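Because the structure is predicted, anything quoted here is derived from the model rather than measured. Atoms considered below: every heavy atom in the structure, side chains included; atoms not considered: hydrogens, waters and symmetry mates. We name chains A, B, ... by the order of the sequence lines, and we start the count at 1 in each one.
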Protein chains: 2
Amino acid sequence: MTPYVNPPQNNTKVYIGIVKQLRSMIEHDGLKPGDRLPSERELSERLGVGRSSVREALRALELLGLIETRRGEGTFMRDFRGHQLVQLLSTFILQDKKSIRDVKETKFLIELDCLWLIIQKAGEDQLLRFKKWSLEADYSDDDFFLEIVTLADNHLFLRIWIILKDYYNSLDLETMMVTREQYARLIETLISRNESEVIRVYRNLRKLSKS
Amino acid sequence: MTPYVNPPQNNTKVYIGIVKQLRSMIEHDGLKPGDRLPSERELSERLGVGRSSVREALRALELLGLIETRRGEGTFMRDFRGHQLVQLLSTFILQDKKSIRDVKETKFLIELDCLWLIIQKAGEDQLLRFKKWSLEADYSDDDFFLEIVTLADNHLFLRIWIILKDYYNSLDLETMMVTREQYARLIETLISRNESEVIRVYRNLRKLSKS
DNA sequence: TTCGCTTCAGTGGTCAGACCAGTTTATTTT
DNA sequence: AAAATAAACTGGTCTGACCACTGAAGCGAA
């Protein structure tokens, strides 16, 4: 019913326009994960385009992991976190030595940045709670650093890191064993807020001799 | 001609199957950026599916930045290196427009990371060429740091930084005046490869007292 | 020959319509 | 009221038809 009838979408491909329309529609209506989108036929009619064009847009968004479609039911918003996207990209990119190096390099440096941010910003209580968690919980390396990046309290780094993490994991590199002690030591140095020591411990944990 | 007719692709959606077929086709034929893919009609025939399904797959890959289509010419492989990944990310970063602080913080830290990378990896000649450029050219802060990030030779950081830069500029913050001397000093410390000094000079340049 | 124009086959872009295969809701039957 | 059935939706897919654009082949004039 609502007249989402577009801005004159000149020149660009229809399906791209539809993607944009969908985004503003999602924002406008405040759609959240789990919510249903209008049906393909309704979108087609509302936007004044063919159903096949609507489908091209929806399929693209689906491959991106932004939406989910269930036959007979409809199309739904999804709780996206890059998963789908990263997985697909990684299968395509493959064998690109430099890309792989970039991913590793970037992931490590951002983790280091977050450690630095924690030293600057985190409260004593947060760090102690983190320490407590590390002693009790059963966690993987990803879990551990997700906590780190979360503690750093920077939304952008969080998002970037999550994507890098997924991408990194999809690379299927040899996994580095990190002992409980190493994690514990890192936390201790965080609590002591010793910048250079944190860097040292982190590099050691990541088996980074120098670079 | 070649019978790419693969696994019966049961159960999954046709367009997903086509994406997979395309990937193996690309791998099998060793297609590189710039190379042309078979036409939609040919793919449709080869894979025994409808052209609309082929299009759904191609449109999705296009939105991902893996391929590029030109009307009247065809569909071509694209030079992808994870950049689209970040670009996609940006459209969602831009959604939560809350944290200006995060943008600044992230931009600065990434610039610092790049400076560190340069110290580690850049060759003497590159640095000298950079210095020469800085003495002759007329550049803005963005120009200067674009050089920095480029020198760091990390595609992901480059992409992320560009997005952050654009976003940062759109925030319309008070611009910080940076003198030519400060840029020059930064370059000098880079050439001397003095890590802690680079950090100090950079912070000073960005007017970051401590954090 | 060589240059310039026209023609035409090929390619992506888009739409409309037709089915199929599931799910949900309404209706009828028990 | 409960169960079985029917209708109305929703996505999934294919086909065929145009359109707009590109590039190369063909052709004629210089």
Side-chain angles (χ1 to χ4, degrees), chain A residues 1 4-22 25-26 29 31 33-78 84, chain B residues 1 4-22 25-26 29 31 34-78:
Chain A
M1 292 309 175
Y4 278 114
V5 193
N6 47 353
Q9 238 39 274
N10 291 331
N11 219 340
T12 39
K13 301 176 187 178
V14 171
Y15 92 97
I16 293 287
I18 296 176
V19 168
K20 292 181 182 173
Q21 301 271 332
L22 281 173
M25 186 179 306
I26 288 169
D29 295 352
L31 296 187
D35 289 351
R36 226 196 89 183
L37 273 65
S39 75
E40 297 178 352
R41 289 173 176 84
E42 185 180 343
L43 282 174
S44 159
E45 193 176 343
R46 275 230 289 243
L47 304 178
V49 298
R51 190 183 155 209
S52 49
S53 291
V54 170
R55 280 186 62 80
E56 289 182 7
L58 290 178
R59 261 2 88 213
L61 292 180
E62 185 181 49
L63 197 65
L64 280 176
L66 299 179
I67 61 174
E68 176 186 2
T69 60
R70 298 197 282 274
R71 159 147 49 179
E73 296 183 61
T75 304
F76 304 83
M77 294 290 299
R78 206 174 140 166
Q84 203 80 10
Chain B
M1 295 302 173
Y4 278 112
V5 195
N6 274 37
Q9 247 23 290
N10 290 332
N11 215 342
T12 41
K13 300 177 188 180
V14 171
Y15 93 96
I16 292 287
I18 295 176
V19 168
K20 292 181 180 174
Q21 302 268 336
L22 281 172
M25 186 180 305
I26 288 169
D29 294 353
L31 296 186
D35 290 348
R36 226 195 89 183
L37 272 64
S39 75
E40 296 178 352
R41 290 175 176 83
E42 185 181 343
L43 282 173
S44 160
E45 194 176 344
R46 278 231 287 244
L47 304 178
V49 297
R51 190 182 155 211
S52 50
S53 291
V54 170
R55 280 186 61 80
E56 289 181 7
L58 290 178
R59 260 4 87 214
L61 293 179
E62 184 181 49
L63 196 65
L64 276 176
L66 298 176
I67 61 173
E68 177 186 2
T69 58
R70 297 197 282 273
R71 180 191 304 202
E73 296 183 62
T75 304
F76 303 83
M77 296 289 300
R78 230 180 119 161

In this structure, CG of B:Leu58 is separated from CZ of B:Arg51 (nearest 0.5 Å) by 10.0 Å
Note: chain A reaches DNA chain D at heavy-atom distances under 4.0 Å over the stretch, first to last nt, 5' to 3', of D:dT10 to D:dT13
Using only heavy-atom distances, determine whether the side chains of B:Lys20 and B:Thr12 contain a donor-acceptor pair under 3.5 Å. no
How close do B:Leu61 and B:Val19 get, heavy atom to heavy atom, and via which atoms? CD2-CG1, 4.2 Å
How long is the span from the CD atom in A:Glu42 to the CG atom in A:Leu37, to the nearest 0.5 Å? 10.0 Å
Any chance you could list the contact pattern along nucleotides 7-13 of chain C? Use B for base contacts, S for sugar-phosphate-only contacts and - for none, protein heavy atoms under 4.0 Å, 5' to 3'. ---BBBB
Going by an N to O cut-off under 4.0 Å, is there a salt bridge joining B:Arg71 and B:Glu73? no
Using a 3.5 Å distance criterion without hydrogens, assess whether the side chain of A:Ser53 forms a donor-acceptor pair with backbone atoms of A:Tyr15. no
Polar side chain donor-acceptor pair, A:Glu68 to A:Thr75, under 3.5 angstrom: no
